[in-house]
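Each ligand, and each atom within it, is numbered from 1 in the order the structure gives.
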Amino acid sequence: MLKITRIEAIPFAIPYNKPLRFASGEVRVASHILVRVHTEDGLVGVAEAPPRPFTYGETQESIATIIEKTFAPELVGISCLSRERIHAVMNRTIGNPTAKSAVDMAVWDVIGKSLNLPVTTLLGGYTDRMRVSHMLGFCQPEMMVAEAERMRDSYGITTFKVKVGRRPFRLDVDVCRALRAGLGDDVELYIDGNRGWTASESLRALAAMSDLDLTLAEELCPADDVLGRKWLTERSPIPVVADESATTPGEVTRELLSGASTAISIKTARTGFTYSQRVLYQCEGLGVEVIMGNQIDGQIGTMCTAVFGSAFKATTMRPGELSNFLDMSDDLLTEPLKISDGVLAVRNVPGLGIDVDPQKLAKYRQDQ
Ligand code: MUC
Ligand code: MG
């Protein structure tokens with residue numbers, strides 16, 4: 001039952017209207033991979049993998065190749081219900097987190113469709129929606145304020161993750177100050193340095209911004225600065241969130257138990273649903289907060305994040321980072337995602353609720 005017969009890895013490219021820039025890189029075009037898992041029963045599961053070489057070393061070509069040449073031949077014949085076997089097979093290959101995760105989420109899509117149930121119900125069924133947080137990429141302070149105002153006024157978003165990690169003084173700190181001054185006290189602000197500062201710069205910057213009521217500090221300095229990061233975390237007045245330093249359950253354990261971080265960003269793009277569950281349960285067991293993060297996902301990836309985030313109480317405690325698809329010029333879904341009153345709802349349909357528009361796919365796919 002539900003035996004895999006074929007896995008497609010289709011490269012597509014959709015430009016951003018406004019590129020996202022941050023300390024470790026920049027994304028101008030969503031050059032992603034659409035993954036489709038076909039089964040003997042005729043059900044097809046869908047997900048997307050976003051290549052993020054600056055975080056995971058994967059490229060669009062490497063994701064397509066590992067799925068089509070290595071994973072697919074070994075997964076054909078295995079049932080989608082044997083998720084543990086599917087992962088055992090994929091884990092014979094090291095790394096490749098977004099490739100593996102897209103396969104995992106497409107497999108969950110198949111399972112949901114086969115049972116006629118939304119995947120969010122299968123995962124946990126806590127609620128059907130998430131509050132939304134928007135990531136503000138690098139720009140001039142006044143432009144970042146204007147973008148935040150537009151997100152608040154058009155979509156009701158009142159939580160913003162501010163990208164920092166350039167020069168802390170006379171740049172990043174000024175941006176945060178301008179945002180607080182421009183947006184007032186009714187918005188939540190937190191920061192993400194993508195490893196751009198040193199540990200000591202980070203602590204000085206946090207001290208300089210102590211009046212701005214920032215709620216979280218994500219990945220300010222490299223996790224490989226082992227003692228520096230621990231030193232910073234011990235002194236930080238707010239939770240230090242591990243993102244790219246904690247991309248597997250093992251790394252999450254290391255980050256938390258070594259005292260390098262005190263909260264975890266869960267990204268379905270890199271841990272799918274199966275490993276995101278494990279990360280979440282670890283965090284609950286250890287008593288640390290989680291955030292549903294953004295891998296600069298398109299609408300398909302964003303839907304996957306919302307499906308997982310809505311499923312559990314702990315992942316809905318904070319707004320999830322679900323809005324950066326708004327900066328893309330187009331997407332693949334038949335019915336685009338909508339954010340209103342600062343909320344994104346999942347769809348009450350079997351599977352993930354991802355219906356790819358064949359005309360849009362034909363327009364943006366790069367392999368034909
Ligand atoms: C984020 O939270 O850091 C940028 C780099 C990456 O790995 O994810 C994005 C957003
Ligand atoms: Mg981050």
Chemist: Do Arg21 and Glu26 meet the salt-bridge criterion of a basic N to acidic O distance under 4.0 Å?
Modeler: yes

Chemist: Report all N/O contacts between ligand 1 and the protein shorter than 3.5 Å as a table of atom names and distances to 0.1 Å; if there are none, say 'none'.
Modeler:
residue, atom, partner, partner atom, Å
ligand 1, 2 (O), Lys161, NZ, 2.7
ligand 1, 2 (O), Asp192, OD2, 3.0
ligand 1, 2 (O), Glu218, OE2, 3.2
ligand 1, 2 (O), Asp243, OD2, 3.1
ligand 1, 2 (O), Lys267, NZ, 3.1
ligand 1, 3 (O), Lys163, NZ, 2.9
ligand 1, 3 (O), Asp192, OD2, 3.0
ligand 1, 3 (O), Asn194, ND2, 2.8
ligand 1, 3 (O), Asp243, OD2, 3.1
ligand 1, 7 (O), Thr55, OG1, 2.8
ligand 1, 7 (O), Gln295, NE2, 2.9
ligand 1, 8 (O), Lys267, NZ, 3.0
ligand 1, 8 (O), Gln295, NE2, 3.1

Chemist: Do Leu117 and Leu352 land in one hydrophobic cluster if side-chain heavy atoms of ILVMFWY residues count as linked below 4.5 Å?
Modeler: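 Per the 4.5 Å side-chain linkage, Leu117 and Leu352 are co-clustered.
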
Chemist: Is it true that Glu74 and Arg92 make a salt bridge, defined as a side-chain N closer than 4.0 Å to a carboxylate O?
Modeler: yes

Chemist: What's the count of protein N, O or S atoms under 2.8 Å from the Mg ion (ligand 2)?
Modeler: 3

Chemist: Distance under 6.0 Å and angle within 45° of the ring axis: does Arg52 meet both against Tyr56?
Modeler: no

Chemist: Establish, yes or no, whether the cationic atom of Arg318 lies under 6.0 Å from the six-membered ring centre of Tyr190 and within 45° of the ring axis.
Modeler: yes

Chemist: Hey, mind stepping through Val288 and Gln282 against side chain to side chain contact (heavy atoms under 4.5 Å, CB included) and telling me if it holds?
Modeler: CA-CA 9 Å; Val288 301; Gln282 260 175 287; over 6 Å; no

Chemist: Are Trp197 and Leu227 co-members of a hydrophobic cluster defined by side-chain heavy atoms under 4.5 Å apart?
Modeler: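 Result: no, two separate clusters.
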
Chemist: Using a strict 4.0 Å threshold on nitrogen-to-oxygen distance, state whether Lys360 and Asp330 make a salt bridge.
Modeler: yes

Chemist: Parallel, tilted or perpendicular: which fits the ring planes of Phe308 and Phe273, with parallel below 30° and perpendicular above 60°?
Modeler: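 Answer is parallel, since the angle falls under 30°.
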
